[in-house]
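Naming convention: chains lettered A, B, ... in sequence-line order (proteins, then strands); numbering from 1 in each chain.
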Amino acid sequence: MSEAWNELMAVWRGDTVPGREYSENCGKVVGYLCDNLPEELLIAADILPIRVRGTGSLDLPLVKQFLDPKRNSRVISPQFVPPLAEALMGETGDYMDRVVIPHTRKAVQELNGLIAKLRRDNPELNVPRVWFLDRAYGPDSAASRFNRNQLALFRSQVEEWTGEKLSDEKISAAIALTNEARALLREFNAWRQEPGSPVTGYDAVAIMGCSMIMPKARFVELLRDVLANKPDLPAQDGRKRLFVGGSPFDHAGAYEVLEKHGAVVVAEDHCWGARCGDFAVSEDGDPFEMLAMRYHEKPACSIALPLERTVKLSTDRALASGADGAVFLVQPGDQLQLWETPDEVAVLEKAGMPVLHLHAFPYSGDCKPEMEEKIASFITSLASEGRS
Amino acid sequence: MTDKNDPLRLQTANDVRAYQRQWLADARSRAEAGEPFAICSSDEFEEIFSLLDVPVLVINYWNYLTIKQGAAKHYNDVLEARGYPGPHFVALGLATAIDPEKAPWGGLPKPSIIVGSTRTEYEMRVGELWAREMDCEFYVMDFNMQSPYKKILPEGWWNRTADDWEDLVDADRLQYRIEQNYNLIAHLEKKFGRTFSHADFIRSAELENEQMEYWEKAHRLIARNSPCPVSLRDQLAMYQPMWHRGTEWGRDIFRQYYEEVKQRVADGQGAYPVEKKRILYWSMAEEPAFHGYLRETYGAVLVGNNYSVVPRYYVRHFDPAEPMRAMASRHLFLFGFNDNLMVETAKDHMADGIIVIAPQTDDIPCDSRRMAEEAGIPFLELPTTRDNEANRAAIDRFMTERLEAEKL
Ligand code: SF4
Ligand code: SF4
């Protein structure tokens, strides 16, 4: 087994925590939520960006103790959000100097005010200070100007944190690095989707997730190594190939349920999956302006306007993946996904892809036996295209 | 209560109802005759549509009419059949478009435009789906009063909305919202072939301030007088003219309201036959069904709710050179609710206790309760607005043990 592979898996499982190590070696660590942070600005400043994730569990003692769900119902509502708050109040927030909250979903944005209040009332929690990185959803030029200005503010903030101006050279170098990571991620995703590939959905989400929770340069090194010396793993043939749509999963619990029943997840559309290889930053032109352009053009969360654009981005992924079927896992309280999924289901069904649409699939993946039964029989019912 | 014969009922509230009925009928027939007709999110663009003489239906209001029609269950089923399970207040309009038969008016005529907002990202999606269903334009406005702020609001913000509104919003969002507002106006002018007049806009902003100031003055009288001169039901009925902000009628009806309340106070006329205990109902929900039980059993009356404190937040004093700045600031921040405001409002209303609607979770520390009790105001949470056994039992305990009330 490749050492690079093992190192990545250890990071994903949390056996090693690069963010903590970096911080213990006196480096600055900035946490962030969601998938649209221009991390290049942090990397250029020698700050380690670490995306905050939950543990996969819905047992959340700190949330229970400090956040009254009735008064914070907007935060509490999509199930994947409270675990983020738990992480920030607990061990993850502990090693972060700051956390950046972007303008994606309201529930995530609400954490801004909530954390300010937690910091004020419970200093013993050591929750990091927040920087709110704003963004307009709109596609027009006024929105693009607004978004660029927000990024400029963020840039000055980063410069203030380190006490040093960011040079274009450093930003360009950071862009080259993250673009390389994206290219490798796309290559990895293609390998994952090859017939008979040994990469499971669990492996895929782990490797892609690592790109956001460890130093980028090290990640690039390791993934390059993995792709050059593909580990000797059992081929996943004979398994039904699945596309997973719906809510985000920052851990692999949901995939484990699907794969336990004879499937292999070959593609997904959520912000901890293959999307992280998309939208390279243009390397022609002023590096800051190019970053700003990407920041504006990449939909916040999956919230693109019009709806058709979101649906197309998602269903194209499913159709290009060679999946035998699609499963939509919508978490309780995920109101956004609720209104998008039926359109996505309709497109796939029209294209002849069998679909299972599950409402109220738990964030933890720990589903009720009836639901698991449904999953199992859906997977069994899929005609395997005989791909091996 | 039978409306007309009830001497305790406010004449102005009846006038509002009658006007609103007529307005709806007119709007409908104009739209059916092919005139422009718009749907928009509440508290965003009503004034502009009025200025362009385009009847505008507010989304929440339509959803509320649908509920009043008794069709909420049916429409949730309609949504469920489309793959959207769950109860959905924000999407009832969409549902009435999918299946108009049981809707108010037998369904809406085709709007020219739906102006939606990103108050929540799903409201944006619902607006989009609705426009698709009705085959009309969808236009979305970003940043609004429910966008979580970058700036954390200062305590006491509630005394600063009229003059210091600039301080309560994020400067860059304000600039962007002003730009969006002007873009939408330009779009509507072109779409409807009408002209937006700055002079009229200023006049409308002045009328709106006057309207809200009358409302606030009326409410001061309600809060500070016992017996309470206006029932909660009539107080809530006065919310409907909100959809006619910035018009002569809007201003005049509130002047009439204020005069009527003043007269009642002078006459010592209360809105409830008995008033032994005053309760602040700190909720945005409808008048609760248990109010009847409270009144009849204990002579306890609801003297105000969250909406009672809202009118004054609409008032925005502005520089005539820049009325849009004030309006955009209101689009970004209208009001919030917090525990200090609740306590202050309860004291202001001379309330003996506070009732809120919230699911009970005893194991969670409860800030509102703590703050109310620290201020010496007994506090009760009820899980629903229903008049059922469980609520009655909780009310009995609260009234007798905490408020030392006796049964009538
Ligand atoms: S789905 Fe959107 S809001 Fe949720 S974590 Fe992903 S990017 Fe953030
Ligand atoms: S538990 Fe406390 S804080 Fe929460 S709603 Fe009830 S009273 Fe308010």
Side-chain angles (χ1 to χ4, degrees), chain A residues 64-71 73-75 77 101 103-114 116-117 120-121 130-138 140 142-143 145-146 149-150 153 300-301 303 305-308 310 330 334-343 345-346 357 359-360, chain B residues 79-80 82-86 88 90-91 94 116 118-129 131-132 138-143 146-153 170 172-173 175-180 182-183 336-339 356-361 363-369 381 383:
Chain A
K64 201 160 174 219
Q65 189 181 346
F66 294 102
L67 302 183
D68 173 349
K70 280 173 287 173
R71 301 170 53 73
S73 56
R74 286 174 59 168
V75 175
S77 107
I101 295 186
H103 180 234
T104 47
R105 294 203 204 188
K106 307 295 174 194
V108 168
Q109 292 170 54
E110 287 279 349
L111 288 171
N112 179 35
L114 210 64
K117 192 161 174 276
R120 189 193 64 202
D121 300 343
V130 177
W131 175 263
F132 191 120
L133 178 57
D134 215 352
R135 186 185 181 288
Y137 290 127
D140 59 350
R145 265 196 312 282
F146 179 86
N149 292 342
Q150 297 309 309
L153 284 175
C301 199
I303 313 168
L305 282 169
L307 172 60
E308 283 66 36
T310 299
V330 180
D334 189 342
Q335 281 280 352
L336 177 63
Q337 209 51 58
L338 179 85
W339 302 100
E340 295 180 354
T341 309
D343 272 46
V345 170
H357 180 182
H359 299 289
Chain B
L79 291 169
E80 171 129 24
R82 276 279 181 110
Y84 312 121
H88 301 301
V90 293
L94 163 64
T118 58
R119 247 164 235 204
T120 57
E121 51 278 333
Y122 61 88
E123 257 178 90
M124 176 183 82
R125 279 297 186 232
V126 167
E128 224 185 327
L129 291 165
R132 185 169 79 184
F138 177 67
Y139 196 106
V140 71
M141 302 301 282
D142 206 352
F143 295 121
Q146 283 185 22
S147 304
Y149 329 110
K150 279 188 283 184
K151 210 175 217 174
I152 306 301
L153 282 174
D170 298 307
D172 37 10
R173 285 186 179 179
Q175 204 44 52
Y176 178 55
R177 181 72 201 213
I178 291 171
E179 223 176 306
Q180 286 186 85
Y182 277 125
N183 288 346
F337 293 111
N338 61 9
D339 298 329
V356 303
I357 305 296
Q360 280 135 318
T361 45
D363 55 339
I364 284 167
C366 165
D367 287 348
S368 309
R369 169 183 307 281
E381 295 177 280

**OP:** Look up atom CZ in B:R132 and atom CG in A:L307, then write down how far apart they are to the nearest 0.5 Å.
**Re:** 6.0 Å
**OP:** Side-chain contact test, heavy atoms from C-beta onward, threshold under 4.5 Å: evaluate it for B:E128 versus A:L305 and give yes or no.
**Re:** yes
**OP:** Tell me, for A:R135 versus chain B, whether the close heavy atoms (under 4.5 Å) come from the side chain, the backbone, both or neither.
**Re:** backbone
Subject >> Segment of B:E179 engaging chain A (4.5 angstrom heavy-atom cut-off) >> reply: side chain
**OP:** May I ask you to say whether B:E123 pairs ionically with A:K106, meaning some side-chain N is under 4.0 Å from a carboxylate O?
**Re:** no
Subject >> Note, A:L336 side chain near B:M124 side chain (heavy atom, < 4.5 Å) >> reply: no
Subject >> Residues in side-chain contact (heavy atoms from CB on, under 4.5 Å) contact with A:A136, at least two apart in sequence or another chain >> reply: A:A143, A:F146, A:N147, B:D142, B:F143, B:Y176
Subject >> Shortest non-hydrogen contact from A:P342 toward B:G83 >> reply: CG-O, 3.5 Å
**OP:** Would you mind reporting whether A:D343 and B:R125 have side-chain heavy atoms less than 4.5 Å apart?
**Re:** no
Subject >> Check against side chain to side chain contact (heavy atoms under 4.5 Å, CB included), B:L129 and A:W339 >> reply: CA-CA 8 Å; B:L129 291 165; A:W339 302 100; 3.9 Å; yes
**OP:** Any chance you could lay out the side chain to side chain contact (heavy atoms under 4.5 Å, CB included) test for B:Q175 and A:N149, step after step, and finish with the verdict?
**Re:** CA-CA 12 Å; B:Q175 204 44 52; A:N149 292 342; over 6 Å; no
Subject >> chain A contact via B:R82 - side chain, backbone, both or neither, heavy atoms under 4.5 Å >> reply: backbone
Subject >> Contact origin within A:A116 toward chain B - heavy atom pairs under 4.5 Å >> reply: side chain
Subject >> Qualifying residue, where the test is side chain to side chain contact (heavy atoms under 4.5 Å, CB included) with B:E121 and the options are A:E340, A:R105, A:Q335 >> reply: A:R105
**OP:** Pick whichever of A:Q337, A:H357, A:R145 has the most heavy-atom pairs under 4.5 Å with chain B.
**Re:** A:R145
Subject >> Side chain, backbone, both or neither of A:T104 within contact of chain B (heavy atoms, under 4.5 Å) >> reply: backbone
**OP:** Heavy-atom distances under 4.5 Å only: say whether A:L153 touches chain B with side chain, backbone, both or neither.
**Re:** side chain
Original post:
Given that the side chain runs from C-beta out, which part of B:M141 has a heavy atom under 4.5 Å from chain A: side chain, backbone, both or neither?
Top reply: neither
